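Each remark here refers to the structure printed beneath this line.
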Number of protein chains: 2
Amino acid sequence: MITMEKVFSHTRQNDSTQTLTKKLRGVGLRATRQRLDIGNLLFSGKDRHVTAESLHDEAVAAGIRISLATIYNALNQFRDAGLLREVLVDPSRTYFDTNTSSHHHFFNVDNGHLTDIPHDEISVSCLPTLPEGQIIDGVDVLIRIKPDA
Amino acid sequence: MITMEKVFSHTRQNDSTQTLTKKLRGVGLRATRQRLDIGNLLFSGKDRHVTAESLHDEAVAAGIRISLATIYNALNQFRDAGLLREVLVDPSRTYFDTNTSSHHHFFNVDNGHLTDIPHDEISVSCLPTLPEGQIIDGVDVLIRIKPDA
DNA sequence: TATTTGTTTAGAATTATTCTAAACTGTTGA
DNA sequence: TCAACAGTTTAGAATAATTCTAAACAAATA
């Protein structure tokens, strides 16, 4: 059977790709095949936490041809552009979070799993005076959890 | 002039060394020359934030002969023993804090400086339910600050 | 479509940290 | 006091995450 999908498959782009292209252009990045592939993995679905390695493994498993260096480049560019947030949990690895809104994390020290805590479920009262001439850039709350007993 | 200090200098230890020795033995570590030297740098004075490199530089500058590997070993052992706390601020470097009590940090993203925030100057209300069977291991609040304007 | 400029990539380089195995030292018990 | 053992230190090698390099390539632009 011949469908319009097939006929135009070499020119048509699906919705997420169009959206992504706009998103990338919006932050001054060219919509290259690699950045679109990474973007599709990251931004189509629920929020995610990834490392360069984990994302590369996932891309490889999905049959996407992309070098690890490109993953590193893209993650750093996405973070600089505000499309991703860096999360500090493990001094030996850099985690990125697709949820860039103000929120916090549970970090399971036993297995390394990271879970979001919605912004409204934690309140930080910040009484301390900031050092002279400084302003707040961001507040991170990390609640380390471990198995009971 | 001959003083008792000099006469017994090969056997006598100063107060901080005696205290340190007890502290180390108390956590099951032998009071070796290297651990005492590091301990003296870390625990005699106000609270400090160090990295392995910074502490090694400091030791070298003070004329202490100690290898970087030993600094790494000692910092990790001290942390495991609860004498130090690891602070997550920079994914490319591990910071240790001599203040092991419950408290939080300002991190100046501009120059990498870390400052303690006393425990009572921040309050975190943790409404979220913990994942099944998990308990809290610790709560870290990091307030990233930067120069105004 | 030719040119320019930004991007990707393999592989080398870098950096923080850990490992290895040999020399050394603190501790213990006789 | 000292032998013997177990824990410690160390130089240098190894590892692992990340960045760099510079050549090939692709997107934007005129």
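Throughout, a chain's letter reflects where its sequence line sits, starting with A, and its residues are numbered from 1. None of the values given here were measured: they were computed from a predicted structure.
Among A:L114, A:L42, A:L41, the single residue meeting the side chain to side chain contact (heavy atoms under 4.5 Å, CB included) criterion with A:V50 is A:L42. Each of A:R48, A:H104, A:H49 was scored for a side-chain hydrogen bond (donor to acceptor under 3.5 Å, both in side chains) with A:D116, with one residue passing: A:H49. Partner of A:H105 under the side-chain hydrogen bond (donor to acceptor under 3.5 Å, both in side chains) criterion, chosen from A:D140, A:T115, A:D97: A:D97.
Across the protein-nucleic acid pair, A:R65 atom CZ and C:dT7 atom C1' stand 14 Å apart, rounded to whole Å. Spacing between atom CD of B:E86 and atom C1' of C:dA16 amounts to 13 Å, rounded to whole angstrom units. Atoms NE2 (B:H56) and P (C:dA16) sit 13 Å apart, rounded to a whole Å. Taking atom CG of A:L75 as the reference point, atom C1' of C:dT8 lies 15 Å away to the nearest angstrom. Note: CD (B:Q77) to C1' (C:dT18) measures 13 Å, nearest angstrom.
A:I64 has its side chain within reach of A:R33: a pair of non-hydrogen atoms, C-beta onward, lies under 4.5 Å apart. The closest side-chain heavy-atom distance from A:L142 to B:V141 is not below 4.5 Å. Looking at heavy atoms from C-beta onward, B:D137 lies out of side-chain contact with A:I145 at the 4.5 angstrom threshold.
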B:Q77 and B:R35: CA distance, side-chain angles, deciding distance, side-chain hydrogen bond (donor to acceptor under 3.5 Å, both in side chains) verdict:
CA-CA 10 Å; B:Q77 292 154 347; B:R35 293 208 268 239; 2.9 Å; yes

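Taking every heavy atom of residues 22-34 of chain B and every atom of DNA chain C, pairs under 4.0 Å involve B:R25, B:R30, by number.
Side-chain atoms of B:R85 do not come within 3.5 Å of backbone N or O of B:F96 as any donor-acceptor pair. In this structure, the side chain of B:T70 does not engage the main chain of B:I66 through any donor-acceptor pair within 3.5 Å. Between the A:T51 side chain and the A:T94 main chain, no donor and acceptor come within less than 3.5 Å of each other. Side-chain atoms of B:H103 come within 3.5 Å of backbone atoms of B:S101 as a donor-acceptor pair (strictly under, hydrogens ignored).
Taken over five-pair windows at either terminus, the axes of the helix from C:dT1-D:dA30 to C:dA30-D:dT1 are inclined to one another by 30° (rounded to 10 degrees).
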Can you give one letter per nucleotide of nucleotides 13-25 of chain D, going 5' to 3': B for a protein heavy atom under 4.0 Å from the base, S for sugar-phosphate only, - for none?
----SBBB-----

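Applying the 4.0 Å criterion to OP1 and OP2 of C:dT8, one finds that A:R35 has a side-chain N or O inside that range. Side-chain nitrogen and oxygen atoms of A:T70 include none within less than 4.0 Å of the OP1 or OP2 phosphate oxygen of C:dT8.
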